[in-house]
*Asks:* 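Can you read through this structure? Questions will come right after.
What you see is a predicted model, and the numbers here were worked out from it, not measured in a lab. Letters A, B, ... mirror the listed sequences (proteins, then strands); counts begin at 1.
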Amino acid sequence: MSNKDNKVTEENSTGRYSYFYNKKIKQAEQDIKFRKQYETIGKQTSQLLKGLTIYVNGHTIPGRLQIHDMVVLNGGNFLHHLSSKGSATHIIASSLPPKKRLEFKNYKVINPQWLVDCIKQQKIVPWQEYSIIKSDIEQPSILKISSSSANKTPPNCNDPNFLIDYFKHSRLHHLSEWKASLRQKFIELYQDIPLLTHSNSSYTILHIDFDCFFATVAYLFRDKKKFPTLDFDKDPIVVCHGVKNSDIASCNYAARKLGIKNGMWVGTAEKMLPNGIKLTTLPYEFENIDNGSKAFYTILQSIEQFYYVLPVSIDEAICVMSKNAMENKQTLLQLCNAVRQRIKHETSGCIVSIGVSDSLVLARLALKMAKPNGVFMFDNDNESQDLNDMNQFWGSFKLDDLPGVGRSTLKKLRYKYPKVKTLQDLRQTCQDIISLQSILGNKLGEKVYLALRGEDDEESARIIYDPINMFQRKSISIDINWGIRFKDMVEIDKFLDICSDYLVNKKLAEYNKLTSSITLKLMKRCVDAPVDPPKYMGMGRCDPFTTSSRLGVPTNDGGIIATELKHMFRTLPVPPVELRGISIQFNKLVDPDDPKNSNVKKGLSLLFQKDQVTTTPSPSSRSIESPLHNVESNDPHRKYKRLKRSPVKEREDQLESNQRNAFQQQFFQELPTQIRKDVQHDLKITRKVNDSKLKRMKEELQRRENAIRNMNSHFMNSDSIFVPIKFQNETNFEKICSMVNDWVRETIKEKGPHERDLHFFKKYLNKLCDSDRVHFVLRLADMISVTLNLMAHKYGNAEGFTEWEIILIKFIIPLMNRNRHTFRTERKLDIEYDI
DNA sequence: TAATCATCATAG
DNA sequence: CATCGCTATGATGATTA
Ligand SMILES: Nc1ccn([C@H]2C[C@H](O)[C@@H](COP(=O)(O)OP(=O)(O)OP(=O)(O)O)O2)c(=O)n1
């Protein structure tokens, strides 16, 4: 098949040569249609490439044909065969097999981007940066061996390059990055053009998407020696890294016929093959995918009728045009086919399908109808559309074909309407919005209700009426849920440093933002999940834990952020060895140049200075540069060593035979305080600047003082506090927390809590557990542990101190363990597609 | 009632 | 060998002020 294609290409290219040649001469009398069609290539010729002779080797994007056009239009020579050795000045290729590498080693072999950039900038850019050869052939065999053996080293999250290496191979990371960058480009491109209005609400929507994009590109760029007879139309092909528990990024339509889907694991897909049929797995072609997408967007953006080309993802865009931009359906269809033809052409073989309608949902559904390799126009106008057609249209979709309906929603719908299989069924069964809303919630219910009538909900339509705002970044985050296997907190701290560095220097810097709110989410292996999940280095089944923190003063200081993250980590009950995934988000982004925030930096420095005066007697280091960072990075082991000596730990050593449970000792050794103890003053800098926190602390202080005044050795002199809460939900947990804290603090200094108070306290805790609020118990336990640690150095020998330790270890922790099941790790949905 | 946080769900 | 399970966003429910 590929051979045939190549032939066609050759013929075309010769045929077209004369066309372009003519075109160049007859520039003045441009046929408008053709100008339109070819303007991306550059409607004016230039002499940019004069004197250069260019040869294309193998498969490229833009394809050989486009390169030919670009070269010729810009005054260069295009070499059809390399027979005339030495005559080529440049060879364009995406990659070279070793043999060719040797053969071409004296040529300037560059990737196609070089040509694109030359033409874009209208100058010959240095070729070295685009060189194909330099990267891996430069070093002869010795290095090759060492690098190939280095490649064999198993993934290790302690490797300083782990994060980057991982991202390099992660398809989902690429998808996210690409999407973000497309959105950014959209903003730059369209921010000055007026928004569309609802009033003028007759728009035609074209939803355009490559058919099985990754699979197509992987096929086109496959190693043809390895797969000489592979047939894309007949053989099931998937793109993946591995062989069994590896995700399928994309599978061709031959595979889909057998029931294979994107996201499925290879092993599962193989089970669906009929006897005798083999599944072909191809590697990812990230760079070529990117190139294909560039061509795709360039073409779409060159189409005058499109008011917007809204990026959905790397391979998918929504084009919006005024309804009267096209005369009739016929011309619209022609446009679609021209676009399809041109994209196929310029990506040398990638197919797009197009769904056309007058709402986003319908265009999306029409696209689904159009696939593979087609155009589908759906007219929702009841009068003009045959009822049968309508029924057939809606009847051909499964429930989760509706945008917004995923696994979870599908389950809910199935549960409520077991008989409903297609959207047509759902249309008939669910006539009113209320019943949908009661199952799916307010918004989703409405969305589905409208979608079934072919209308967009307000939120979805925002992409048309307010795309700039919608594409504006509101948060920055990274997730790593693969390859995470740490031994202890030291390793994790280092990793958090790396993440923080990545986020700050790569992301915050790129967008020139500060952040004032951080969220940390950890994935902890489910208690009943195997230590080694089915997927190699995967996360397996996990319980998620999140916590977030306001920074009060926006910052882009990696040190402050890293410290905060380390602190936050320790507030979550996840022992290092159970950690399977980390995600870090900056939820609130602040523009440092915004005049509103002009006092931010000043405030920051003031606070730092002020705090430094109180923390360090010697005012020598007055630098505003993160004192935290220094403390943290100078000696990450210091606090860890200290941890080992913490009183709780000693205590636990004594008691260890009695109490050893899933709330691991390790967690309690490493509760927030220990860190806070060591970097206490420094943390205050970040934490206390927060106004609200300050206020709360002041209030607490006030309350505490009052409480202390009113109490003697024990301040709960009656059944007072805990009894009512058991029955009245309205009682405020925060206040209880604060009171308990006072109570603990006071009684630590003396002989411990009064028996009666303790009794009620335990009763209260039991109540909390019974009412499924173990997380409150956890918080109380955390708080008590914190208090113990804080007071260890002064009251470590007091009777009350020991008392409280025993209460914590012998009562509270076991209580939490007993009730863990209500807290976390119930059954949990099957994470994997399989199973 | 609004603000805030943790959690869930979705898409590619 | 395996394998590269990301990330922005909106909705929702619980809790607090
Ligand atoms: N779970 C998924 C879904 C998608 N993708 C990648 C591979 C796809 O090629 C690309 C585009 O996703 P689409 O949903 O558009 O799927 P395809 O393009 O593969 O197929 P089609 O659009 O024909 O259904 O995103 C992925 O890696 N993992």
Side-chain angles (χ1 to χ4, degrees), chain A residues 152 154-155 157 162-180 183 209-210 213-214 240-247 249-250 262-263 265-267 284 286 311-316 364 400 402-412 440-447 457 459-460 462 470-484 507 517 519-521 523 532-550 580-581 583-588 692 695-696 729-730 732-735 773 775-776 829 831-833:
Chain A
K152 270 189 203 155
C157 53
F162 168 75
L163 188 69
I164 300 300
D165 270 0
Y166 169 50
F167 280 169
K168 222 184 280 172
H169 293 102
S170 163
R171 74 185 201 282
L172 292 172
H173 171 77
H174 278 95
L175 283 178
S176 290
E177 289 278 291
W178 282 325
K179 175 156 158 175
R183 287 180 161 208
D209 181 326
F210 281 106
F213 189 40
F214 282 31
C240 57
H241 284 296
V243 292
K244 186 159 167 278
N245 298 326
S246 171
D247 278 32
S250 179
N262 287 1
W265 283 2
V266 174
Y284 290 85
F286 290 126
V312 176
S313 83
I314 181 82
D315 78 323
E316 184 171 353
R364 182 75 193 72
D400 51 350
L402 259 194
V405 176
R407 257 205 319 176
S408 176
T409 309
L410 181 65
K411 221 176 193 173
K412 288 180 199 158
L440 306 179
N442 223 326
K443 284 289 169 62
L444 188 55
E446 184 191 359
K447 184 187 166 99
D457 59 297
E459 181 55 37
S460 307
R462 261 186 68 207
M470 202 171 174
F471 289 160
Q472 209 88 51
R473 212 178 237 287
K474 286 153 207 85
S475 70
I476 286 176
S477 71
I478 57 169
D479 295 43
I480 308 99
N481 292 308
W482 187 86
I484 298 295
K507 299 283 158 178
S517 168
T519 299
L520 177 69
K521 173 165 129 182
M523 298 306 253
D532 282 319
K535 188 197 278 293
Y536 176 63
M537 285 287 135
M539 70 201 284
R541 270 184 309 126
C542 284
D543 288 323
F545 293 88
T546 71
T547 182
S548 65
S549 162
R550 294 290 183 105
R580 291 291 179 272
S583 111
I584 301 167
Q585 303 162 45
F586 296 164
N587 319 63
K588 290 225 161 23
S692 65
K695 218 188 280 169
R696 204 186 308 151
N729 271 348
E730 65 206 45
N732 182 329
F733 178 73
E734 292 301 320
K735 283 185 186 146
R773 296 188 207 178
H775 57 289
F776 281 165
L829 319 159
I831 298 260
E832 286 88 347
Y833 192 94

*Asks:* Shortest non-hydrogen contact from Leu410(A) to Val405(A)?
*Replies:* N-CG1, 4.0 Å
*Asks:* Send over the distance from Phe214(A) CZ to dG12(B) C1', rounded to a whole Å.
*Replies:* 8 Å
*Asks:* Can you tell which of dA6(B), dC8(B), dT3(C) lies closest to the side chain of Pro544(A)?
*Replies:*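 That would be dC8(B).
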*Asks:* Given dC8(B), dA2(C), dT10(B), which nucleotide is nearest the side-chain atoms of Tyr536(A)?
*Replies:*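 Closest nucleotide to the Tyr536(A) side chain: dA2(C).
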*Asks:* Take the protein atom NE2 of His169(A) and the nucleotide atom P of dT3(C), then report the distance between them rounded to whole Å.
*Replies:*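 Distance, rounded to whole Å: 14 Å.
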*Asks:* Under the rule for ring pair (Phe, Tyr, Trp, His ring centres under 6.0 Å), what residues qualify as partners of His174(A), not counting sequence neighbours?
*Replies:* Trp178(A), Phe286(A)
*Asks:* Heavy atoms under 4.0 Å is the rule here; annotate nucleotides 6-11 of chain C 5' to 3' with B where the base is hit, S where only the sugar-phosphate is, and - elsewhere.
*Replies:* BBSSSS
*Asks:* I'd like to check the salt bridge (charged side-chain N to carboxylate O under 4.0 Å, His left out) partners of Asp457(A); sequence neighbours left out, ordered by chain and number.
*Replies:*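 Applying salt bridge (charged side-chain N to carboxylate O under 4.0 Å, His left out) to Asp457(A) gives Lys447(A).
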*Asks:* Which residue, Trp482(A), Phe214(A), Tyr536(A), Tyr284(A), forms the ring-ring contact (aromatic ring centres under 6.0 Å, His included) with His241(A)?
*Replies:* Tyr284(A)
*Asks:* Taking side-chain contact (heavy atoms from CB on, under 4.5 Å) as the definition, give me every residue that meets it alongside Asn587(A), ordered by chain and number, with sequence neighbours left out.
*Replies:*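 Expected list: Ser517(A), Thr519(A), Gln585(A).
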*Asks:* Using the side-chain contact (heavy atoms from CB on, under 4.5 Å) criterion, which residues pair with Ser475(A)? Sequence neighbours excluded.
*Replies:*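 Partners of Ser475(A) under the side-chain contact (heavy atoms from CB on, under 4.5 Å) test: none.
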*Asks:* Could you check how far CE of Met523(A) sits from C1' of dG5(C), rounded to whole Å?
*Replies:*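 The distance from CE of Met523(A) to C1' of dG5(C) comes to 9 Å, rounded to the nearest Å.
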*Asks:* What's the NZ-P distance between Lys244(A) and dC4(C), to the nearest Å?
*Replies:*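 Answer to the nearest Å: 13 Å.
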*Asks:* Rounded to whole Å, please give me the gap between CZ in Phe213(A) and C1' in dG12(B).
*Replies:*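 The answer, rounded to whole Å, is 12 Å.
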*Asks:* Got a list of protein N/O to nucleotides 1-3 of chain B N/O distances below 3.5 Å?
*Replies:*
none

*Asks:* Roughly how many Å is it from CG in Leu520(A) to C1' in dA6(B), rounded to a whole number?
*Replies:* 13 Å
*Asks:* If I take atom CG in residue Asn245(A) and atom C1' in nucleotide dT3(C), what distance separates them, rounded to the nearest angstrom?
*Replies:* 9 Å
*Asks:* Quick one: list whatever passes salt bridge (charged side-chain N to carboxylate O under 4.0 Å, His left out) with Arg183(A), sequence neighbours left out.
*Replies:* none
*Asks:* Respond yes when some side-chain nitrogen or oxygen of Thr409(A) is under 4.0 Å from OP1 or OP2 of dT10(B), and no when none is.
*Replies:* yes
*Asks:* Do you know which two heavy atoms are closest between Val266(A) and Val243(A), and how far apart they sit?
*Replies:*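 Closest approach of Val266(A) to Val243(A): CG1-O, 3.1 Å.
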*Asks:* Would you say a side-chain N or O of Arg550(A) is under 4.0 Å from OP1 or OP2 of dC5(B)?
*Replies:*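 So the side chain of Arg550(A) is within the cut-off, an N or O lying under 4.0 Å from OP1 or OP2 of dC5(B).
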*Asks:* Mind checking what makes salt bridge (charged side-chain N to carboxylate O under 4.0 Å, His left out) contact with Asp165(A), not counting sequence neighbours?
*Replies:*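 Listed in chain order: Lys168(A).
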*Asks:* Once pairs are restricted to Watson-Crick or G-U wobble with both distances under 3.5 Å, how does DNA chain C read as a dot-bracket string, [ ] for crossings and | for other-strand pairs?
*Replies:* .....||||||||||||
*Asks:* Lys507(A): which residues meet the salt bridge (charged side-chain N to carboxylate O under 4.0 Å, His left out) condition with it, sequence neighbours left out?
*Replies:* Glu177(A)
*Asks:* What's Thr519(A) touching, base or sugar-phosphate or nothing? Going by heavy atoms closer than 4.0 Å.
*Replies:* nothing
*Asks:* Using a 4.0 Å heavy-atom cut-off across all strands, classify Gly483(A) as base, sugar-phosphate, or nothing.
*Replies:*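 Here Gly483(A) touches no strand at all.
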*Asks:* State which residues pass side-chain hydrogen bond (donor to acceptor under 3.5 Å, both in side chains) with Asp247(A); sequence neighbours excluded, sorted by chain then number.
*Replies:* Arg171(A), Trp265(A), Lys535(A)
*Asks:* List in chain and number order the residues that pass side-chain hydrogen bond (donor to acceptor under 3.5 Å, both in side chains) with Glu446(A), two or more places apart in sequence or in another chain; answer none if no residue qualifies.
*Replies:* none
*Asks:* Round to the nearest Å and state the distance from Arg407(A) atom CZ to dA11(B) atom P.
*Replies:*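 The answer, rounded to whole Å, is 12 Å.
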